[in-house]
Amino acid sequence: MAHRPVLAQAKAAATVAPVAGAASSGVSQAELRERVTFFNTMSKSKELFRPRLSDGSVSMYVCGVTVYDYSHIGHARVYVAFDVLYRFLSAACGYKVTYVRNFTDIDDKIIARAQQSGVETSELTERFIDEFNKDMAALNVLPPALEPRATAFVPQMISTITDIIANGHAYAVDGGDVFFDVASLPGYGRLSGRQQEDNRAGERVAVDSRKRSPADFALWKAAKPGEPAWPSPWGPGRPGWHIECSSMIRELMGPVIDIHGGGRDLVFPHHENELAQSQAACGCGQHGHEHGHEHGGQQGGASTSGGDGSQSQLHNGTDFVRYWLHNGFVNVDSEKMSKSLGNFFTIRDVLARYHPLALRWFLVSSQYRAPLNYSDKGLEDASGRLYYVAQARLDVVEALRAAGEEGQRAMAEAEVVMAQAAANANSTPTSEAAAQQEAAAAAPSGKGKGKGGAAAAAAPAAGPALLSEVLSALADDLNTPAAVGALSAPLRTINDLLTTKAGRKRPDRLAVLAQLHCAMCRVMQLLGMELELEAGARAEAAGASVGVAAGAASGLAASAAALEQLLQELRALALVRLDMTEEAVQAAIQERTEARAAKDFARSDAIRVDLAAKGVLLLDTPEGTSWRPGSAASL
RNA sequence: GGGUCUCUAGCUCAGUGGUAGAGCAGCUGACUGCAGAUCAGCAGGUCUCGAGUUCGAUCCUCGAGGGGCCCUCCA
């Protein structure tokens, strides 16, 4: 129910706000770009990321879903992973990213499902495009710049197919089908790393005597009666699956793109075929064996009118994709989650029981290339961890607010420290380590209540150290588990500063809290777990002329409200899972409070044990009794 | 059969050419009427096995074994 509003909605962040410092021109950003690496499926190794152009732009295309049903957790993983990548490249590295993700809205399954349901294919696809967008918004996945639908580019696909035929890499057969001639392209198979004889041709692929080779795949499929069809030189029909991505990339993004992503299962045949088509269409198939990023040089403008096949000189021997990124699967009981196996969980069903940010936390807790086992336990753990983080962050915010002007000043100084770090840090690994050690070292020398810039300069680098560690993790092939792990020590520091005697006495307490708060806001934003109220307030404060202190005060208030709401939502969903109601819990708390007042500890303990057994942990505080999800083994 | 990835604490995962870390779970202490939350600390690993390279390997190479995925639509 209430698990949508707290999220920053996609529209709010259509442009990704800078994360690595307000002054996104800092050395840090350029330095970060230098060391970003991604695992390239083509080379099967990590490579330094060097975009095709040096003007700070990056183009990225990710294969979208075939829209005939609800999306499941496997889909969620792909689009969350590439959403983090999008955020990292945009907000942290400062690239101007053109992100394109398509909808496959014409294919055999769609036709079959539409006929089965007795609706037009367009009605079916419209519906599930809408549902997909709802799922993505719920998961706080930013919308790509473009979300082209295959059916809107059929003329371009026909044009691409015509080019491929003209270049001698495809052939039309009786019946109106067009097949790609795999044997005509020497480099075919290099992305997926397989020789053609490796494929068990004919064993599982339907034999079609009209094909020159069993490995040939359809570029154009003739329409059967009653099927959706477009006119073409080969008769009415529809495009094959693989051609849509080739054509849309060519049309919308030009002959060469920087990043092409998708699930592992797309490596073969989809991306292998896409690569073949793109090469064949531009007539540069003979360069197929070379895969050099170094000699690509400038490609000129990235945009193209497309469709006329005159771009071969632009292609210049460089593969049309510079970096192929593929994510691992979501498994269930160590088996791939898929519709055909029937072991899938839809995003929607999961979000009815778990918070979208908990699902996101679960997803980013593993590296995108590794297999991820889906389980309730995993989501419970993620929910619990998210609760801990949110509670700690709320406590920080409340402490800063309670400190009044000092808190506001600490916030203002923290912003300065973060910005300075972004501008100055020539954050080599060693300087990072030093910063971390400095942050970890508890006792700073001298100076009590901070005043002015001097205090800011003298404050420990806890905030910059955290952000730096997270950025380093993400720069290393999007190591999100390491990024999440980097939060552990700072979170403990926060709780130490807030609750222990030693922590409360630290003179730099507010400075560290403020810095960590700022850093965590940025980290959460990078991971796509920012809260709408909070993010909105920060943006406003940045652009407002109300003065630093007032901005800090309103920002803290917004953070507090957003975090309280998140905690409330997490509790509400926990109750859903426990099949309980807030009213029932409150009634039990009330009864126990009365029992305690009457010194009937046997009764009060019994109530607590009972609730704990169900998953509701009571917390007695000076302000009264509250609860949180969890269980206590010792009760 | 071919290809590819993977095997680190009970579980989920980071990491490094000089014998390893986090989170959760467990235990202890502080705190508490007792608990919990929180903090501190403890315990827990022949880094799948074997061979090789190396002064030295968990990390590199080869092999074996277990597991995932692809070779059909698939994220």
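Throughout, protein chains are lettered first and strands after them, A, B, ... in sequence-line order, and every chain is numbered starting at 1.
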Among residues at least two apart in sequence or on other chains, which ones pass salt bridge (Lys or Arg N to Asp or Glu O under 4.0 Å) with [X]?
X	value
A:Asp107	none
A:Arg113	A:Asp69
A:Asp605	A:Arg608

Relative to the 5' end of RNA chain B, which residue comes earlier, A:Val330 or A:Leu341, by the nucleotide with the nearest heavy atom? A:Leu341

Spell out yes or no: do the side chain of [X] and the base of [N] have one donor N/O and one acceptor N/O closer than 3.5 Å?
X	N	result
A:Arg608	B:A35	yes
A:Arg628	B:G36	no
A:Asp605	B:G33	yes

Which salt bridge (charged side-chain N to carboxylate O under 4.0 Å, His left out) pairs, counting each pair once, include a residue from residues 355-374 of chain A, with sequence neighbours left out? A:Asp83-A:Arg360, A:Arg369-A:Asp477

Please enumerate all protein N or O atoms sitting under 3.5 Å from an N or O of nucleotides 59-63 of chain B, with distances to 0.1 Å.
none

Under 4.0 Å, counting only non-hydrogen atoms across every strand here, what does [X] touch: a base, just sugar-phosphate, or nothing?
X	value
A:Gly262	sugar-phosphate
A:Gly64	sugar-phosphate
A:Asn331	sugar-phosphate
A:Glu335	sugar-phosphate
A:Leu618	base
A:Arg504	nothing
A:Ser192	sugar-phosphate

From the set [options], return the single nucleotide nearest to any side-chain atom of [X].
X	options	value
A:Lys44	B:G33, B:C73, B:C5	B:C5
A:Asp620	B:C73, B:C34, B:C71	B:C34
A:Thr66	B:G68, B:G36, B:A75	B:A75
A:Phe268	B:C24, B:G33, B:C71	B:C71

With [X], which residues qualify under side-chain contact (heavy atoms from CB on, under 4.5 Å), at least two apart?
X	result
A:Asp610	A:Lys614
A:Glu380	A:Tyr354, A:Arg577
A:Asp381	A:Lys377

Kindly give the atom pairs (protein nitrogen or oxygen, nucleotide nitrogen or oxygen) under 3.5 Å for nucleotides 13-17 of chain B.
unit_1 : atom_1 : unit_2   : atom_2 : d
B:A14  : OP1    : A:Gln367 : N      : 3.4
B:A14  : O3'    : A:Asn479 : ND2    : 3.0
B:G15  : OP1    : A:Asn479 : ND2    : 2.7

Gap between atoms [atom1] and [atom2], on [X] and [N] respectively (whole Å):
X	N	atom1	atom2	value
A:Asp216	B:C71	CG	P	18 Å
A:His271	B:U72	NE2	P	17 Å
A:Arg369	B:C70	CZ	P	17 Å
A:Tyr374	B:G68	OH	C1'	20 Å
A:Arg264	B:C73	CZ	P	18 Å
A:His326	B:C5	NE2	P	14 Å
A:Tyr188	B:C71	OH	C1'	11 Å
A:Leu487	B:G23	CG	P	12 Å

List the steps and the verdict of side chain to side chain donor-acceptor pair (under 3.5 Å) for A:Asp496 and A:Thr500. CA-CA 5 Å; A:Asp496 178 57; A:Thr500 70; 2.7 Å; yes

Whole-angstrom distance between [N] and [M], as gauged at atom [atom1]:
N	M	atom1	answer
B:G10	B:U4	C1'	31 Å
B:G65	B:G56	C1'	27 Å
B:G23	B:G66	C1'	26 Å
B:C47	B:U58	P	6 Å
B:U72	B:U53	C1'	43 Å
B:U12	B:G18	C1'	29 Å

Looking at [X] and [Y], would you say the former's side chain and the latter's main chain have a donor-acceptor pair under 3.5 Å?
X	Y	value
A:Thr480	A:Ser366	yes
A:Arg504	A:Leu497	no
A:Glu274	A:Cys245	no
A:Asp177	A:Ala222	yes

Decide ring-ring contact (aromatic ring centres under 6.0 Å, His included) for A:Phe128 and A:Tyr70; before the verdict, give the C-alpha distance in whole Å, the side-chain angles of both, and the deciding distance to 0.1 Å. CA-CA 7 Å; A:Phe128 284 109; A:Tyr70 290 103; 5.3 Å; yes

Could you tell me whether the phosphate oxygens of B:C70, OP1 or OP2, come under 4.0 Å of any side-chain nitrogen or oxygen in A:Lys336? yes

For B:C24, take OP1 and OP2 only and decide whether either is under 4.0 Å from a side-chain N or O of A:Arg385.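 For B:C24, OP1/OP2 do have a side-chain N/O of A:Arg385 under 4.0 Å.
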
Check whether the side chains of A:Ser472 and A:Arg35 place a donor and an acceptor atom closer than 3.5 Å, and report yes or no. yes

Consecutive Watson-Crick or G-U pairs in runs of at least 3, all under 3.5 Å, in which RNA chain B is involved: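 The stems are B:1-7 with B:65-71, B:10-13 with B:21-24, B:26-30 with B:38-42, B:48-52 with B:60-64.
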
I'd like a table of atom pairs between the protein and nucleotides 39-41 of chain B - only N or O on both sides, under 3.5 Å - with the distance next to each one.
unit_1 : atom_1 : unit_2   : atom_2 : d
B:C39  : OP1    : A:Tyr388 : OH     : 2.7
B:C39  : OP1    : A:Asn495 : ND2    : 3.2

Indicate the ring-plane relationship of A:Phe217 and A:His242, choosing parallel, tilted or perpendicular according to the 30° and 60° boundaries.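 It falls in the perpendicular class, over 60°.
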
May I ask you to decide if the ring planes of A:Phe344 and A:His72 are parallel, tilted or perpendicular, using 30° and 60° as cut-offs? tilted

Measure from the ring centre of A:Phe601 to the centre of the six-membered ring in the base of B:G33, then say whether that distance is under 5.5 Å and the planes meet at under 30°.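 Stacked: centres under 5.5 Å apart, planes under 30°.
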
Got a sec, which residues hit ring pair (Phe, Tyr, Trp, His ring centres under 6.0 Å) with A:Tyr61, two or more places apart in sequence or on another chain?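 For A:Tyr61, the residues satisfying ring pair (Phe, Tyr, Trp, His ring centres under 6.0 Å) (neighbours in sequence not counted) are A:His260.
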
